[in-house]
Chemist: 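My questions will all concern the structure given below.
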Amino acid sequence: MSDREEGKAFDRSPDGAGRWVEPGTLYVVATPIGNLADISERAASVLRGVDLIACEDTRHARVLLDHLGVRKELVAVHEHNEREASASLVERLGQGASAALISDAGTPGISDPGQLLVSALTGEGIAVSPIPGPSAVIAALSASGLPARPFWFEGFLPAQDKARRDRLAALAAVEATLVFYEAPHRIAKSLAACAEQLGDGRRAVVARELTKRFEQFAHGSLASVLADLQAGEIPARGEFVVMVGPPVAAVGTDTAEADALIDALVAEGVAPKSIARVVSRTTCLSRNEVYAEVLARRGAK
Ligand code: SAM
């Protein structure tokens, strides 16, 4: 039998020689987004095996590394020094050192430093290998119930009001689920701007504090999640991922679901206003649209 078995579903071996780490390689290692237990076995092995660890913030990295009992040389790579730090890492890896790159949380390069370093290394023909694991965008989307095919990962919106509005206006017609990262001090402004520019009836899910003690998912329309935030039902604390469903015309399945739901509630004799409230919270239709639909169906009987 050949010792190469490409296409196997799982591979538990570090490498042919029983090592987790190859010399002259950068490992891009995903780390937890809030729950230390989410570090993978392989991530821990690689962090133990490399010669040095490039990290966004050395003090922050030590929390995770102390948890794993890892003591290594740490090299800071952050948004203000990524270019210079990359040049020196290219040199060290070129001489055969192995390294891991971690960020403060989640997957490096995803709204975090990493892209410049990876592109500098690959440009020099140096091997770069991912050690996959947590990322807030994927965790949030996977439990949102929104279509993930396609999705558009925007990351952080601009902080300035006009730039944020302009960016959202440019995204309004994108036929995909939109995914934004947001900080607690900007969440109210961002949700209000999303409702204004994308349409307040668009389906939305706000994920807060993923994998942590106060994890929360709030579902509804952009108008209703904004109202929940203003009412304190979604506290403006912690870390946020905001997801907005595709424009109505792009999702035949969504309108089909809404249709079926309206029919069922009409058949049960539920009051039109209640149907409008319930259906607008769980689909991409606004209250007014649902209300008009209900009246039309009742009139047709
Ligand atoms: N590299 C990270 C990743 O792979 O998700 C993202 C880093 S970015 C600087 C930080 C932002 O990610 C936060 O402001 C928040 O929007 C989102 N985020 C990170 N951890 C989160 C969590 N536990 N719950 C919700 N959002 C989170």
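Order of listing sets the numbers, starting from 1, for every ligand and every atom in it.
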Chemist: Please tell me if the side chains of V128 and T25 come closer than 4.5 Å, counting only heavy atoms from C-beta onward.
Modeler: no
Chemist: Would you check, one step at a time, whether the test side-chain hydrogen bond (donor to acceptor under 3.5 Å, both in side chains) holds for D112 with S103?
Modeler: CA-CA 7 Å; D112 264 341; S103 61; 2.9 Å; yes
Chemist: Name all residues meeting the side-chain hydrogen bond (donor to acceptor under 3.5 Å, both in side chains) criterion together with D57; count only those two or more places apart in sequence or in a different chain, and write none if there are none.
Modeler: none
Chemist: Run through ligand 1 for me and note each protein residue having a heavy atom under 4.0 Å from it, chain first, then residue number.
Modeler: I33, A105, G106, T107, I110, S111, D112, S135, A136, F156, Y181, E182, E209, L210, K212, E239, F240, V241
Chemist: Can you find a heavy atom in the side chain of S190 that is under 4.5 Å from one in the side chain of R164?
Modeler: yes
Chemist: Identify which one of E239, E215, Q216 satisfies the side chain to side chain donor-acceptor pair (under 3.5 Å) criterion when paired with R208.
Modeler: Q216
Chemist: Measure from the side-chain N and O atoms of T177 to the backbone N and O of P147, and report whether any donor-acceptor pair falls under 3.5 Å.
Modeler: yes
